[in-house]
Structure formats: structure tokens, C-alpha cells
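Reminder, nothing fancy here: chain letters follow the sequence lines and each chain counts from 1.
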Protein chains: 2
Amino acid sequence: MKTADPELMRAMNRLSVLDTIRRRGPISRVEISERTELSTTTVSAITGSLLDDGLILTRHEGDIRNETVRGRPRVMLEVNPDAARVVGAKIAASRMVFVVTNFRGDVLSKLTLPIRIDRQPIAVIADLVEDGVRRCVVDAGLSLEDVDSVCLGLPGVIEHRTGHIRSSPIFREINIDFAAEMSTRLSTPTIVESDAHAITLGHHWFGKARDLQDMVLISLEQTLGLGVLHGNRLFRGAGGLSHNLGDLVLGMGPQGVIRLSSQAGESAILGEQQTDGRFAEAVRLGRGMTHVQALIKADDDRLIGAAVRAGEAVGLTIANIVTLFAPPRVILVGSSLALGEPFLNSLRDAYALAIPPSLKGVSELVFDDSTDDFWAQGAAAVALYELYESPWSTTGPAL
Amino acid sequence: MKTADPELMRAMNRLSVLDTIRRRGPISRVEISERTELSTTTVSAITGSLLDDGLILTRHEGDIRNETVRGRPRVMLEVNPDAARVVGAKIAASRMVFVVTNFRGDVLSKLTLPIRIDRQPIAVIADLVEDGVRRCVVDAGLSLEDVDSVCLGLPGVIEHRTGHIRSSPIFREINIDFAAEMSTRLSTPTIVESDAHAITLGHHWFGKARDLQDMVLISLEQTLGLGVLHGNRLFRGAGGLSHNLGDLVLGMGPQGVIRLSSQAGESAILGEQQTDGRFAEAVRLGRGMTHVQALIKADDDRLIGAAVRAGEAVGLTIANIVTLFAPPRVILVGSSLALGEPFLNSLRDAYALAIPPSLKGVSELVFDDSTDDFWAQGAAAVALYELYESPWSTTGPAL
DNA sequence: ATTATTTAATACGAGGTGCAAATTAAATTC
DNA sequence: GAATTTAATTTGCACCTCGTATTAAATAAT
């Protein structure tokens, strides 16, 4: 139980106000007061402090209401885009995507490095990441000193609280303090987060879950990840661990347990084709899924079969997740969606079959085919969230 | 985002102090201050208010420290057992168990009604429950007016926030506002809660999770339930729903999905034996599991087979739950534990096989064979928790 | 027996917080 | 140009927590 003092109180309300301003675009103080259920007095005090800190800006136009309203016009407030800058990154096995965003989360520059880093030693990956961050920052016309925070989203089991990578398919080592490593390299505070969590927050900030307080996201990439939003916050599991869906067990086969990753992981679907020459090259470049789609269009029976099996496994898993969390919406993201109709149809069918009758209709399935930028933007949102939460310079009273 | 005001602040700290007093037996103010990280001043103010409200008592002995300490002796504080009384109940298909507890959660009286209420209409069940509550209260030498709150724990999908029963194996109807029904009948505030949640809180208050802030409990009864404790609070899922593990899908069989309930539910294990005469009677009386155990001892191959299959299914499911939540401890409760070694061994084996290597050792499996009283006591804890949280009479300042 | 010492608990004042009521500000309408 | 209307701030108050000083209640020393 965390101890409550005035500071915490203020921090909570500040976050609430700041987030409301970010979400509802230019917004007046009265409307903030209505939405947050804080008194206008308090809203005035907090927005005053936010203005002092330069986190928000006033704008004297833009009141949407009927032009012909009596009375003093509302002053609209909006997040100051230039209050801070962060870097968000998605690190995957076959590519890295970096974005620099402003305080509002707008992308200022992006950079894709199509490099395969399968199970490289930490120093190699750190080099590449450092290089990517630096180049992307320069592309945005900035210097690294202008960047307040960096967030790296990567697959695997990440301990957000400490910045440790417990295990990740892209690292050879396990149990790496990657946050510390990158923080010193970049001399900028660096957060390490599961890629699934990053895009979950991304959807809550910018995407298909803006209107929700609770939802579940399932990422279908090389690794199968899960993000849970609960009460407007990321649910990070007991110990601050991320979830790794691929480890879920679907049943007992003749030679031991059958894990989801063996049915629906990228390599599971592509695996059978690895020997194929034209294919190995594509996979190596991280373009496997796109090629698969072409082959599916060309009626490659083996692949269609793999896609259908994968869809089935994922559909069952989603049903189980819904059984546990009963979220109003489930968002599916990731490269495996590119498998197209055979995959999606069997997924939908399996889900419909597996969802318990009592929960039928409580969860809506949404497919999202955002590009990698959006993942990186989600990572940026994680970094921004911590800035939004932090008390900033002026915690104290009005001077 | 909930709006933070001084009242919330006080409520949080009050709960923190009161819970510390409950947990750490008679405890001095200084020690409370250390544990809660509140200043001694604040602790004094809060305990003063709690004393005014009669929720705690002072005791001038019992300081555990070395007898020969200088200085003013500490005044020990403890929860006033008589500050309130609640009724907790476990409603199962074959029996109802009621307990009356004091404000500390001590059982004052208990009552077991060995009545089978399979799929009865709501009026019948409500009658029985009302009768049970009233009798148990009388047994404790009390009147219903002395009871501050009632909590009914029952199987199925319960919406705690509204008190609605979405679906339950013991009701014929679905979507019942049982909380409202019983509140009027008893003219006492009545909470309806999933039985799994009730015993989860029970273990956090009195049982095998007293020392933990996070844990997962799995209940193996007629229905398979799940309780998740997260940050000292029950995690009730997105919409305040309870979880129903039995609906989880284990895989795809020849004739559709295979649900956990079909492998490990009480009726799944006993089902094959239902035709057996000596058996049907026992099941009808809710003594099925006990008889099963006898038969297992007598080497009934069919039953041992069923138990092993059930253990396997549950073991896999637990591994999946651990993959998702990574709790430091998993507590297993429920009548199915009475199946004994064949069941438990296959459960343990399946779990060991299914738990992903990276999570090996993070969760400890604990088996708990508490009696039904403990479930009811857990329900009482749910009721007490709400009393502990509520601001009581004196929210205001010291008078 | 009396005084010094030690530790526990409370009083008091300061600083921070949110809210209601009163006040000021800035527009439109008459 | 005055009245009206709505937005935002100022003022005053009740509440919270905390640090420091003070009081309370025991043991140890004289």
C-alpha cells in the first residue's frame, strides 16, 4: 500500500489533467473540469503550473461550439509539442525501427534499419541500436541532448521495473541489464519495455483503444506477446514481468507439450519452407511474411495448411485470454496478420468456437495492420507516459 | 483516472494503518509508522480517529521486545473484535456453509446446510440462503441488526461491482441481481462475490498468502475458479467479472473444443461413475470426492485414470496461468484435491513439463485443503474489507 | 527517594491540496 | 454604452501530512 501525501494527490490530478489535454486536443478549462471531475479552481491551478512549466500552450481560437455564444470565450489549451522529445524504437529480429517524437507523440523522423540480428551478442546489438538512435535524432534535426528519454521495445520477457531482459529471441545472452547499458551509451535515460506493451500503450494513446480503459492486445510476430490495459494502466503482471504468449501450452502431444509458439510463431509457419532457396533469402531479410502471402495467393497448399493451423491455435488462445480478462476489445497486431484470409478466417472460426457462450459478444476482435512505425511510436508513448507522470520542475506551489 | 482529494488521501492511509494493525496483531504506533512509512504524527492522528470510532483498542501489555528496555513503554493497538460483525457464506451445489465473524475475522459461529440445490429457481435458493444466514446469526447469539454486512461466495461468473450473477451452475436462471434480492430479504447490505475470489482474499488475510502482495489461486470444485491478487488487491478483470477457468480451452478434439471443465470438473471425474448405485447417492449428498478417494485407495482403475487425466489438464492450465501472471505463489484449493496422490502427482508432473524453462522456479505451488469454513471466512473477509475501506463515521478531523 | 536518561506519543506550526463562494475578465446582446 | 452571460482567477476555509518541540511514562543511577 503506497503512502498517500499531498504530493501524490497533486501528481495524480496533474496526470489526469495533462492526459485529458493531450487526448481531447485543444480543450478549455471548464471542459477539463467536467471530464476530470475536478473543480475549476483546481484545474486552473494545475493548468497554471503546467503553463509555467511550458508543458501546455494556450490558444485563443478553436472553440468548436456554436459561434454565437454569449460570455467570455474559452481559452483553449493544448499540449506543447516542443516541451520534450523522446525516441521510441522497435527492435525485432530482422529490423529496427526508430522514431523521434515530440511531447505530443507526433513523429518527427523515422528510420528503419533492415538488419538481421538473430541471437547476436549484446555488444553488437547495442552498437546497432545506439547507431540507429543517433542517426534518427540527427534526421530530426536534433542533438541527443535535446532528447529527454528513450524507450526500446523488444520481444521477449522484459522486466520493466529494472530494465532487465530476462530472455529475448534476439539476444544470445539472458538476464541482461540493457537499460543500464544503453543509458550510459546514450547518456540519456533509457527504458526497456516489451514490444507488446509498447504497442498496447500506443493503441491507448493514438490508436484503436483511445476510447477504452481496459483492453487486451495480442501481438503476432516472431514472438507472441500480450499486452493488458487495466484501468488506463498497463498491467505488467506480478513482478513487473511481461507476458510471453508463445510459452502457453495448447495441449499434450505424443512428444511432450505443444506450445503456441510451435504452432503460430513466425518460424513455425515459415519453418517448413526454410530449405526452399527463394525463401530462405526472404526470411533472412525479414520479408518472410510478405512472401508467404504471395505464395498463399498462388495456392501453396503447404503454407495454407500452416496458416490455418496457426490461426486455429491463436483463435483458441484468444478465447482463453478473453475468458480470463473479459476485455471489451481485443486488438490483434503483428506480421502474422499478413498471412491473410486463410489465417484470419480460421482464427475467427476457432475463436467463435472456443469462446464460452456466456462471454459471447463481450469482446470485440479488432485487427490492426499498422506498420512498424506505430510500434516505435508506442515505445515513444511509454517514454512520454513517464514524463507525463513525473512531477517535472515545478512541483511546488505557485511562486 | 479517479480524482484525488484529501478525503481519498485519508482513506488510503487509514486503510493502510488499519490493515497493518489487523495483520501484525497488537502493534505499537512506532512500529506502524515504520511499516506504513507514515510519520508518527500521522499515525497518531489516524489511530486516534480509529480509537474514537471504536475500531481499535489499546492494550498496555504485550510488548514483545526485551523486557529490560528503558523509556516509556509502547502502547499496543489491536483491532476491536466487536467493532462489527459480518456473515460470510459459501454457497455450493451440494451444501451451504455460513459463518458469522467479528471485525477481526474470527469465526463466532458456523453452520453447514448439506442441501443439494442444483439448478434450483432463484426463489428456492434465496429462501435457503436467507434461512441459513438467520440461523447462523442466531447461533452466534446475535440478531440480524447486529450484522453490518453479508457476503455470499458462489461459483460461476459474478459481476462483483453490480452484484449480478451472470451465470452460475447452481442457478437455473442467468443474469440475476442476487445482491439486491438478498439485501432486501435480509435488510442488510449484501455483497455477491465469486467463491474463488472470496477464498483468495481469505488466504491473503488469514491463510497461505498473508506475506504476499501478489499471488494466484486456483479453485478446483464443481466449477474451476481463479482468483488473482495484484498489489494487495483482488484483480477482478476488466469489467469486474470473475474468471471461470472451466471455460478455458485445452485443445481441439475430434468433436469440437475440449474445455478444462470437461476434463477436470467434479462431474467430469465422477461422471463415468454416475450410474453406479452406491455412488449416485454419495454424489447427491455432496460427498462424491470423499468416496472417490476411498475407491482410489481400493485401486479402482477407471477412477484413477480420470484423476490422472484431470491432474494433467489442471497442471497444464496452471502452467499457462503462471506464464501469464508470473505470481510468486499459486495456491490450489477445492474438493478435487481430495483425489489424492494420483491426481496431485500427475498435476505436478504436467506442470513441471508445461512451465516454460524461463519461468521455472518463479512460482511455488501450494496445496491447501482447508475446510468449507475457510471459504466462508474468506467471504467474510470480502465483507470486512469493504468495511475497512469505508470511511466509517468519523471521516472528519479530530473533534 | 530523587534525579537523570531514554523512549513513546502528542501539540503545534508550516506547507501543500482541493473546493465553494466571491470577484474579476472578456465577450455578446440590447 | 450598459446589461448580460460565461470563463477564469482570487480569496478564504477545511483538511491532510510532516518536522520539531514538548509532554508522558517508564528504567537506571545517585
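Nearest nucleotide to the Pro73(B) side chain, out of dT6(C), dA26(D), dA9(C): dA26(D). When distances are taken from the side chain of Ser39(B) to each of dC18(D), dT4(D), dT23(D), the shortest belongs to dC18(D). Here dT17(D) is the nucleotide among dC19(C), dT17(D), dA28(D) with the atom lying nearest to any side-chain atom of Met9(B). Side-chain proximity of Arg72(B) to dA25(D), dT10(C), dT17(D): nearest is dA25(D). Checking dA9(C), dC19(C), dT6(D) against the side-chain heavy atoms of Thr3(B) singles out dC19(C) as nearest. You'll find that the side chain of Asn13(B) is closest to dT17(D), out of dT29(C), dT17(D), dT6(C). Ranking dC18(D), dC16(D), dA8(C) by closeness to the Leu38(B) side chain, first place goes to dC18(D). In the set dC19(C), dA8(D), dT5(D), the nucleotide with an atom closest to the side chain of Thr41(A) is dC19(C).
Nearest-nucleotide assignment on DNA chain C puts the 5′-proximal partner with Pro6(A), out of Pro6(A) and Thr40(A). Toward the 5′ end of DNA chain D lies the nearest nucleotide of Thr47(A), the other residue of the pair Thr47(A) and Asp5(A) mapping further downstream.
For Arg329(B), the salt bridge (Lys or Arg N to Asp or Glu O under 4.0 Å) test picks out Asp211(B), Glu364(B), with sequence neighbours left out. In this view, Arg24(A) satisfies the salt bridge (Lys or Arg N to Asp or Glu O under 4.0 Å) rule with no residue, not counting sequence neighbours. For Asp146(B), the salt bridge (Lys or Arg N to Asp or Glu O under 4.0 Å) test picks out no residue, with sequence neighbours left out. Take Glu31(A) and apply the side-chain contact (heavy atoms from CB on, under 4.5 Å) test, not counting sequence neighbours, and it matches Ile27(A), Ser28(A), Glu34(A), Arg35(A), Arg74(A). Qualifying salt bridge (Lys or Arg N to Asp or Glu O under 4.0 Å) partners for Asp19(A), counting only residues two or more places apart in sequence or in other chains: Arg22(A), Arg23(A).
Ile32(A) has its CD1 atom 13 Å from the C1' atom of dA7(D), to the nearest Å. If you take CZ of Arg10(B) and P of dA14(D), they are 17 Å apart, rounded to a whole angstrom. Between the P atom of dA26(C) and the CZ atom of Arg29(A) lies a distance of 12 Å, rounded to the nearest Å. Whole-Å rounding puts the Glu7(B) CD to dT17(C) P distance at 18 Å. Here the C1' atom of nucleotide dT5(D) and the CZ atom of Arg74(A) are 13 Å apart, to the nearest Å. Rounded to an integer number of Å, the gap from NE2 of His60(A) to C1' of dA7(D) is 12 Å. Remark: P of dT10(C) and CD1 of Ile46(B) are 13 Å apart, rounded to the nearest angstrom.
Across all strands shown, Val75(A) has heavy atoms under 4.0 Å from sugar-phosphate atoms exclusively, and none from any base. Counting any heavy atom pair closer than 4.0 Å across all strands shown, Ala4(A) reaches sugar-phosphate atoms only and no base atom.
Rounded to 10 degrees, the angle separating the terminal axes of the helix from dA1(C)-dT30(D) to dC30(C)-dG1(D) is 30°, with each axis obtained from five end pairs.
In this structure, the ring of Phe235(B) has its center less than 6.0 angstrom from the ring center of His230(A).
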